Each structure stands twice: as C-alpha cells, then as structure tokens.
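It should be emphasised that the depicted structure is a prediction, and the values quoted were computed from it without experimental measurement.
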Amino acid sequence: MRLWRRELWRLVLLAGLGLLTGWPLGAPGAGLALGLALCLGYHLYQLRALHRWITHDSQSEPPAAAGLWGDLMDRLYRYQKGQRLTQKRLLDTLRRIQESSEAMRDSVVMLDRHGDLEWWNSAAEQMLGLKPALDRGHHITNLLRDPRFVDYFHRRDYREPLTLASPIDERRVLQFQITLYGDDERLLMARDITRLHRLEQMRRDFVANVSHELRTPLTVLSGYLETYADQAELMPPRLARGLASMQEQTTRMQNLVADLLLLSRLEIDRGGADHAALDMAALLEAVRRDAEALSGGRHVIAVELREPRALVGSEQEIRSALSNLAFNAVRYTPEGSHITLSWRPAADHGACLEVIDDGEGIDPVHLPRLTERFYRVDKGRSAATGGTGLGLAIVKHVLLRHDARLEIDSRPRQGATFRGLFPAARLTEATAG
C-alpha cells in the first residue's frame, strides 16, 4: 500500500509542477498535459525494460528500478526462480521414476486419456515389441490386437489381471494389469509368468492324470465291495461293519476323483460350445428337488424367481455350481433351517444367482479362503458330511467361465448368502414354452 501511495504522490507532484509551469504562460492545461506525459513516459520506459527482460534475458537478474516497478520486478524474479526450482525437482523426480522403471523386469507403459502410447521402459520393447521411433502416439489396441485384450481395455474393469501370450513370442505368457490414474490416464504393466504358467500346467496335468488313473482301480474295488455286500448277512458282524466302512470310503474317494476331474476340465477346456439360453425356473426347481432329496425333509427349501431374463451359459456347469451351493447349505445348516434358491436382478443391470440360508453362518475370517481347494472351516464336521472340499472351487471356476464372480456374505448365527453375479451381457430375453 505504501508503494501505491508513493506512485500517487508522484503523479500528483508531476501534475502540479505542470500546472505551475503553464500558469504564468497562460496555458495551465498544456502544463498539466506535460506533467502527465512525463509520468506516462516514465511508466512506458519501465514497462519496456520489463518486457525486454522477460522476453530476452529472463535468467538474469531484473533491471534496476525503484518504487512499485522495482517491487513488481523483484516479485516476478522470485516467482520465476521458485518455478525453476519446482521444475527442476519435478524433472529429477520424473528422471528417477524413469530410471527405476527401466530397472524393472516388468513392462511399464504409460497411456494418455485416449489410450495412446506416451512412454514405456525397455522391458516393454522386449516383451511387447514396442519401437520408440514408430509406436509413440499410436493407440495401444493397434499394437496389442488380441480380442481378449481389446475387450479387457474397453471394459474398464481392471480388478483382475489378464493372461495372454506375448504378441511377439507365443512361447512367453504375460500377465497384463491396467491401473487408472490422473485425468483418466492408464498405466499398463505386463509381467512374464511363463515359468509360473508352466508349473501350473504341470500341476493341472498331474492332478488330471492321477485322478484318471485312480478312477479305474476305484471302480474295480467298488464293484467287488458291492458283490461282497450282497453276502453281508452271512458274514460275522465285525466283518460286515468293516465292509460297510470300506464301501463308504470308496464312494468318498470316487466322489473326490470325480470332482478333481471336473475341476481339471474346467481349468483346461475353455467351454462355450454348449452355451444356450437357460430356463432358470426349471433349473432352480430341479436343484431344489435334488436338495430336498439330500435333506430328507430336515430343511425348508424354496425357490424365488424375480428376474425374467434367461442366463446364457452351459446348463450342465451352472447346474453343477448351483447344486454345490445348495448341497453345502443342506449339509452345513442345522435341521429346520430355511434355504432359498434365488434368481433376481442385480444393481448393475446384471442378475444374481443366490443360495441363502439362515443357519449358523461363517466367521468372516474364513471367507477369503473358502474357494481354496480342500479348505475347511471345521475339518471334523466337514469330513462327517461327506464333502470333498472342492465344491466352492468348482463354483468359482464355473462362474469365471461365465464372466461372473462369486460373493459370500455371512456372519456367525446370521446365516450365509452365496451370490453369483452375472453381467448384463450374459442375459437374454426368455423364450416362451
């Protein structure tokens, strides 16, 4: 404020001097104009000095000036110096980020809000075949043209990674993960999981081969046990009890082998050949009857149908998944519990296939691991029910093959809800009849 007062006093002083000079000559207006012209000339001179400094030599110190102009130039110089320091820090940070990205074995690709390539590290050149001289500015789907990647990119649901072969070497298996940041920009990362993929394939082949080899001797053993069981009334009680126990364990082993073979098929076979619009009312009713037969009247089992659209998928697989959920509800809820099989709309225009019970519920600590193979909340109780420990793993794989996901809501003594969420793309209008 002090500087502004000084400038006003300078203006008043020059105007007054002009009036005093022009008054004796009989031209006070001309004197006033002369005083104002001197003031304007001073400001134009300082403005010209400021313009030359900014446009030609802004790195040096500003020109010397007094008063308001001197303060303005000093402030501009300090602001410019601060901006240069900030810019230097940002450039140093960006350089460190680029250097650390270059040191990574994983591919790192930065995409703008349109999906065009902005920057990538050297690992991306080796894994994805990107060329700095040719590919910068091109859209990512012009270079990674696999339909699965294009669908993954445009779907904008990046919660799960995508596994694909490398576009330049089909022997390499890459796992892609996209992250949104900033102004709808994307960070694409690709990791070489070839070794893990081979180990997983070896595991699948081993389980499938062992399960297949076990099926024949178990069938032979079961056949002989059934033959001997026909003569059980002629055997001593102790031998008859042993024979019954052997039959029970053989049946359990056969169920386990059947579930392992089903899991192997779900993992290896992509499926889709038998997909059709399913009659959800008939499907839920058929599973309800099977669950009632298993329950033997100990539970109240109902069907709730509120979604008019049909699900497009494999009837055998969806029935297997729903049956596993319903049978689990029968096995692990006390007598008199209510179990509901539901097909209803979901909030995102999709649909939910649910199995709801009001049984004892599950402690939330177990929920993240329930779909693991052979994981049991209560090992002793699970063994007594005759389950294989693979039911929820089968459900998870069936849902994944139908672009769906499994959600589990449960609290102790508040029952449990197992929910399969299907996207709208998997639904179609139900056909009559």
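Nearest heavy atom pair, residue Leu174 against residue Ile193, reads C-CG1, 4.3 Å. Contact record, Gly391 with Asn324: CA-OD1, 3.5 Å, taken as the closest heavy-atom pair. Residues Ala165 and Glu170 approach most closely at CB-O, 4.0 Å, considering heavy atoms.
A donor-acceptor pair is defined here as one N or O able to donate and one able to accept, closer than 3.5 Å; no such pair exists between the side chain of Trp343 and the backbone of Val303. Although no hydrogens or angles enter the test, the distance criterion places no donor-acceptor pair under 3.5 Å between the side chain of Glu354 and the main chain of Thr417. Counting only distance, with no hydrogens or angles, the side chain of Thr216 and the backbone of Glu213 share no donor-acceptor pair below 3.5 Å. A distance-only check finds a donor-acceptor pair linking the side chain of Thr250 to the backbone of Met246 [under 3.5 Å].
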Go through it in stages, so that I can follow the logic: the residues are Val287 and Leu341, the test is side-chain contact (heavy atoms from CB on, under 4.5 Å), and I'd like the CA-CA distance, side-chain angles, deciding distance and then a yes or no. CA-CA 9 Å; Val287 174; Leu341 312 182; 4.0 Å; yes
Go through the steps for Glu317 and His402 under the test side-chain contact (heavy atoms from CB on, under 4.5 Å), then give the verdict. CA-CA 10 Å; Glu317 293 178 11; His402 289 78; 3.2 Å; yes
What verdict does the side chain to side chain donor-acceptor pair (under 3.5 Å) test give for Arg426 and His275, after you've listed the backbone C-alpha separation in whole Å, the side-chain angles of each residue and the deciding distance to 0.1 Å? CA-CA 10 Å; Arg426 276 283 175 179; His275 285 197; 3.1 Å; yes
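One finds no salt bridge joining Asp192 and Arg105 here, because no Lys/Arg side-chain nitrogen approaches an Asp/Glu carboxylate oxygen to under 4.0 Å. Glu407 and Arg419 are joined by a salt bridge, as a carboxylate oxygen and a charged side-chain nitrogen come within less than 4.0 angstrom of each other. A salt bridge is defined here as a Lys NZ or Arg NE, NH1 or NH2 lying under 4.0 Å from an Asp or Glu carboxylate O, and Glu292 with Arg289 fails to meet this definition.
Aromatic rings from Phe149 and Phe176 are positioned such that their centres are separated by under 6.0 Å.
The side-chain contact (heavy atoms from CB on, under 4.5 Å) test with Leu144 singles out one residue from Leu188, Leu164, Val109, and that residue is Leu188.
Cation-pi check for Arg136 over Trp120 is met; the charged atom lies under 6.0 angstrom from the ring centroid and within 45 degrees of its normal.
Residue-environment remark: CZ (Arg191) stays at or below the threshold of 12 foreign heavy atoms within 6.0 Å.
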